[in-house]
Amino acid sequence: MSLTARILTGIGLGIVTGLILNFFLPDFFTPLNTYVFEPLGKIFVNLIKMLVIPIVFVSLVLGTAGISEPKKLGRIGIKTIAFFLATTAIAIFLALVAALIFKPGVGNFQLPAEDFEAIEAPPVMETLINMIPTNPITAMAEEAMLQVIVFSLFVGFAIARLGEKTNGLKKIFEQLNDILMYLVQLVMKYAPIGAFALIATVIGGEGLNGIAAMFKYFSLVVLVLILHVLIVYCPALSILGRMNPIKFFKGFSSAMIVAFSTSSSNATLPVSMRAAQDNLGVSRTVSGFVQPLGATINMDGTAIMQGVATVFIAQIVGQDLTIAQLLTVLLTATLASIGTAGAPGVGVIMLTMVLTSVGLPVEAIALVLGVDRLVDMFRTAVNITGDAVCAVIVDHSERRLEQTNANIPI
Ligand code: ASP
């Protein structure tokens with residue numbers, strides 16, 4: 001059986017086990033969860049997480065160092081950021097339109113007021129300023145991804161500029177990269193068991209009830225996520241990346257499944273980079289630059305959730321959003337998704353920022369918290385897919401440029 005098939009089997013068994021425990025043997029769930037599922041799931045997540053900071057650092061240094069001309073670095077950087085911003089804006093637009101059409105919050109839904117708890121919106125401006133680490137070691141120790149990224153970009157740039165002088169170090173980084181990629185492969189052998197355990201924990205704990213209460217909201221987010229993949233990623237892949245979407249999903253599905261079961265773009269990064277490089281043929285330079293950056297700032301799935309959730313909450317509290325407010329949501333949800341760390345559940349915390357911007361009660365996120373664990377699985381899979389699509393496209397356009405340059409007679 002292929003790895004993807006084995007992970008899918010793990011997920012299937014996890015769902016069945018979770019449902020059986022939730023419906024028929026609820027007394028057994030807690031001990032089983034505490035002593036079997038949670039530890040098994042945690043071990044899997046820890047194993048991948050162990051590789052994340054080293055991979056972000058090493059791959060971004062190599063990715064940047066590999067682009068020796070500042071012009072090329074600037075070009076790749078601009079293409080990447082432009083793609084990230086454009087797709088995120090389209091994602092939120094789709095989410096808003098869908099939520100306004102389907103009205104998930106209109107109907108006989110009750111406000112579970114007792115569930116409200118005050119949560120503060122994190123200051124986004126501060127996050128932006130703090131992108132430059134005062135201490136790179138602290139940044140790594142605290143997993144401050146944006147800071148680690150900025151530091152890695154600087155080191156990579158220096159290696160590229162110093163050329164010959166730093167060749168030795170560049171070699172060492174290449175070898176470190178080989179070691180890390182080998183370890184990813186090793187860790188992934190455990191993925192089927194890890195995925196089984198993670199899913200069993202969620203389904204066993206929430207059962208179907210958790211889903212049913214907010215079914216409309218949940219299914220609308222999932223619908224828009226699928227739409228986004230179909231009408232944005234697929235055409236972008238074939239037109240801009242000249243890659244058959246089927247080939248893409250065949251090669252990338254293992255990473256999507258890991259994203260689905262871990263709900264963490266960061267934790268999935270090692271797997272998604274490996275899939276892009278080995279199965280989709282994206283160069284190490286482009287993948288090493290685009291994917292770690294994307295895992296940190298490009299979250300189309302999260303943006304979609306924030307768009308749908310905002311309209312959903314507005315409808316529940318009976319507030320009509322004006323065009324100006326919808327535009328504000330577009331802007332703030334773009335920023336909020338950039339500021340969302342690629343870890344489980346962060347997107348819903350950043351949602352508070354969007355709600356505040358249009359004067360909706362921040363506490364109302366309690367309305368979507370119930371199903372957020374499940375929504376998170378789907379949106380994270382879309383988040384990392386967007387990064388990989390961008391990597392394929394940038395890689396294709398760089399190759400074409402190189403070919404054109406090579407064909408110009410000197
Ligand atoms: N879990 C998401 C991710 O890692 C972030 C979010 O909570 O939306 O991509």
Side-chain angles (χ1 to χ4, degrees), residues 41 44-46 48-49 51-53 55-56 84 87-88 91-92 95 119 121-122 124 127 143-146 148-149 194-195 198-199 201-202 217-218 220-222 224-225 228-229 233 252 255-273 275-276 290-310 312 329 332-355 365-391:
F44 176 50
V45 174
N46 285 0
I48 311 191
K49 275 196 159 173
L51 303 173
V52 170
I53 291 286
I55 283 190
V56 170
F84 285 171
T87 49
T88 304
I92 303 169
I119 288 157
V124 169
T127 321
E143 294 178 37
M145 292 311 242
L146 271 178
V148 176
I149 285 180
L198 289 170
I199 304 290
T201 299
V202 177
Y217 161 76
F218 170 78
L220 190 59
V221 176
V222 174
V224 182
L225 289 173
H228 188 67
V229 170
Y233 293 162
F252 198 65
M256 292 174 76
I257 293 168
V258 173
F260 185 81
S261 36
T262 59
S263 292
S264 167
S265 295
N266 286 346
T268 314
L269 187 62
V271 189
S272 56
M273 284 180 62
V290 174
Q291 288 180 288
L293 191 65
T296 308
I297 66 169
N298 183 42
M299 312 253 170
D300 292 355
T302 301
I304 286 172
M305 175 279 287
Q306 289 168 343
V308 175
T310 307
F312 172 69
V329 173
T332 47
T334 305
L335 286 175
S337 67
I338 291 175
T340 299
V346 183
V348 81
I349 302 295
M350 295 303 283
L351 170 64
T352 52
M353 187 182 128
V354 186
L355 296 179
I365 69 161
L367 296 173
V368 295
L369 272 182
V371 278
D372 196 65
R373 184 68 186 81
L374 289 160
V375 174
D376 202 4
M377 300 165 95
F378 289 90
R379 70 174 180 255
T380 308
V382 172
N383 285 347
I384 62 144
T385 305
D387 308 334
V389 170
C390 179

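Each ligand, and each atom within it, is numbered from 1 in the order the structure gives. All figures in this text were calculated on a predicted structure; none of them were measured in a lab.
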(request) Among all protein heavy atoms, pick the one closest to atom 7 (O) of ligand 1 and tell me residue, atom and distance. (result) Gly347 N, 2.7 Å
(request) Taking side chain to side chain contact (heavy atoms under 4.5 Å, CB included) as the test, write out the residues that go with Thr385, two or more places apart. (result) Tyr233, Phe248, Phe249, Phe252, Met256, Val389
(message) Closer than 4.0 Å to some heavy atom of Ser263 - which atoms of ligand 1 meet that?
(response) 1 (N), 4 (O)
(message) Going by the rule side chain to side chain contact (heavy atoms under 4.5 Å, CB included), which residues pair with Ala95 if we only count those two or more places apart in sequence or in a different chain?
(response) Val224, Ile304, Val308
(message) Using a 3.5 Å cut-off on N or O atoms only, is Asn266 in polar contact with ligand 1?
(response) no
(request) First locate atom NE2 of His228, then atom CZ of Arg379, and finally report the distance between them rounded to the nearest 0.5 Å. (result) 14.5 Å
(message) For atom 3 (C) of ligand 1, tell me which residue out of Ser265, Ala381, Ala267, Ala295 has the closest non-hydrogen atom.
(response) Ser265
(request) Answer yes or no: is there a side-chain heavy-atom contact under 4.5 Å between Thr87 and Asn298? (result) yes
(request) Any chance you could measure Ile53, atom CD1, to Leu269, atom CG, to the nearest 0.5 Å? (result) 10.0 Å
(message) Could you check whether any side-chain N or O of Thr88 sits under 3.5 Å from a backbone N or O of Asp300, counting only pairs where one atom can act as donor and the other as acceptor?
(response) no
(request) Please answer whether the main-chain N or O of Ala343 pairs with a side-chain N or O of Asn266 as donor and acceptor at a distance below 3.5 Å. (result) no
(request) Could you tell me the separation between the CD1 atom of Ile384 and the CE atom of Met273, rounded to the nearest 0.5 Å? (result) 12.5 Å
(request) Using a strict 4.0 Å cut-off to heavy atoms of Met299, name the atoms of ligand 1 that fall inside it. (result) 9 (O)
(message) For atom 1 (N) of ligand 1, what's the nearest protein heavy-atom neighbour? Residue, atom name and distance, please.
(response) Asp376 OD1, 2.7 Å
(message) With a heavy-atom distance limit of 4.0 Å, tell me whether Arg379 approaches ligand 1 through its side chain, its backbone, both, or neither.
(response) side chain
(message) Which of the numbered atoms in ligand 1 are under 4.0 angstrom from any heavy atom belonging to Asn383?
(response) 2 (C), 3 (C), 9 (O)
(message) I'd like to check which ligand 1 atoms, numbered from 1 as shown, lie under 4.0 Å from a non-hydrogen atom of Val346.
(response) 7 (O)
(message) Can you name the atoms of ligand 1, numbered from 1 with element, that are less than 4.0 Å from a heavy atom of Thr302?
(response) 5 (C), 6 (C), 8 (O)
(request) Could you list the atoms of ligand 1 found under 4.0 angstrom from a heavy atom of Thr380? (result) 1 (N), 2 (C), 3 (C), 4 (O), 9 (O)
(message) Within the 4.5 Å heavy-atom criterion, are Phe84 and Val290 side-chain neighbours or not?
(response) yes
(request) Determine, considering heavy atoms only, which of Ala343, Gly345, Pro344 sits nearest to atom 5 (C) of ligand 1. (result) Ala343
(request) Considering the heavy atoms of Ser264, write down every atom of ligand 1 situated less than 4.0 Å from one of them. (result) 4 (O)
